[in-house]
Amino acid sequence: MNDQPAGAGSIGRAGVGARPVRTDADITASTAVRYALVPAPRLSLDAVARRSGLHPDLIRRFVALGLVDAERDAAGHLVFDPTAPAVLARIQRLRSGLCLNYASIGLVLDLLDRISLLEAALRGRGTRSETPPWT
């Protein structure tokens, strides 16, 4: 007869309270999920407005247009990544320097982000072709 309760076979050799033995499949599955050790700092709407020098209503408009990413906290207030003031400065430079409307600024920002991703991928490959990229 087996004196162990049902399900005790998965506890391991050390007995009650020991950690279960993990298989390679368990390890592979657990490495796919990563948790932040420190919560990412978030900026309030007022903090972003102070740092960027813009009115909070204008920042709300940029969020509504999709030019700046923001989330809502538990109280329903807008919270931003720490990079939001730099994104807002970039938007202001495009608006004043190129006289673009906000719809075209969204397109230009998307294209600039795509270009930076492609350049990073080229740097990561570390290879250069013999022919110029435009031919």
Side-chain angles (χ1 to χ4, degrees):
M1 269 264 157
N2 190 354
D3 293 331
Q4 295 179 349
S10 64
I11 292 176
R13 286 190 204 173
V16 178
R19 297 182 72 181
V21 178
R22 297 178 73 179
T23 63
D24 290 337
D26 293 334
I27 293 170
T28 304
S30 67
T31 57
V33 177
R34 298 188 188 261
Y35 295 98
L37 297 177
V38 178
R42 310 298 270 166
L43 298 175
S44 67
L45 178 62
D46 292 332
V48 171
R50 273 193 314 274
R51 291 183 184 187
S52 64
L54 299 175
H55 195 274
D57 289 339
L58 182 59
I59 296 172
R60 282 189 197 98
R61 180 175 293 165
F62 288 158
V63 171
L65 291 171
L67 298 176
V68 180
D69 293 329
E71 297 175 359
R72 299 238 178 229
D73 62 1
H77 301 131
L78 289 174
V79 290
F80 298 86
D81 286 336
T83 59
V87 173
L88 290 168
R90 191 179 202 188
I91 291 169
Q92 289 302 103
R93 283 192 311 271
L94 288 171
R95 175 88 171 149
S96 64
L98 299 177
C99 298
L100 298 174
N101 62 15
Y102 292 129
S104 59
I105 287 175
L107 178 64
V108 170
L109 289 174
D110 289 342
L111 291 173
L112 289 173
D113 290 340
R114 178 70 178 151
I115 288 169
S116 65
L117 287 174
L118 292 172
E119 288 175 344
L122 283 175
R123 280 192 301 272
R125 284 188 11 204
T127 59
R128 296 187 69 155
S129 63
E130 296 285 330
T131 58
W134 57 86
T135 58

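All residue numbers refer to positions in the sequence shown, counting from 1. Being a predicted model, the structure only gives us computed values, none of them experimental.
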Exercise for the section: Show your working on side chain to side chain contact (heavy atoms under 4.5 Å, CB included) between Asp73 and Arg42 and close with a plain yes or no. Expected result: CA-CA 10 Å; Asp73 62 1; Arg42 310 298 270 166; over 6 Å; no

Exercise for the section: With side chain to side chain contact (heavy atoms under 4.5 Å, CB included) as the test, would you mind laying out the steps for Glu71 and Leu78 before giving the verdict? Expected result: CA-CA 6 Å; Glu71 297 175 359; Leu78 289 174; over 6 Å; no

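At distances below 3.5 Å, not a single donor-acceptor pair connects side-chain atoms of Asp81 with backbone N or O atoms of Ala84.
Shown here for Ala70 and Phe80, the closest heavy-atom pair between the two residues is CB-CE2, 3.4 Å. Closest approach of Ala49 to Pro56, counting heavy atoms only: CB-CG, 3.9 Å.
Every salt bridge (charged side-chain N to carboxylate O under 4.0 Å, His left out) that Arg90 has, sequence neighbours left out, goes to Asp113.
Side-chain heavy atoms closer than 4.5 Å link hydrophobic residues (I, L, V, M, F, W, Y) into clusters, and following such links, even through other members, never connects Val79 to Val63. There is no path of hydrophobic side-chain contacts, each under 4.5 Å, that joins Leu122 to Leu118. By the rule that hydrophobic residues join a cluster once side-chain heavy atoms approach within less than 4.5 Å of another member, Leu112 and Leu98 end up as members of one cluster.
Here the OG atom belonging to Ser96 is positioned 12.0 Å from the CD1 atom belonging to Ile91, to the nearest 0.5 angstrom. Once rounded to the nearest 0.5 Å, the distance linking CG of Asp46 with CD1 of Ile59 reads 9.0 Å. Atoms CZ and CG, from Arg95 and Leu100 in turn, are 8.5 Å apart once rounded to the nearest 0.5 Å. Atom-to-atom distance recorded for Leu67:CG and Asp110:CG is 9.0 Å, nearest 0.5 angstrom. Summarising the geometry, atom CZ belonging to Arg114 is positioned 15.5 Å from atom CG belonging to Leu109; distances are rounded to the nearest 0.5 Å. Going from atom CG of Leu45 over to atom CZ of Arg60 covers 5.0 Å, rounded to the nearest 0.5 Å.
In this structure, the side chains of Phe62 and Leu54 come closer than 4.5 Å at one or more pairs of heavy atoms.
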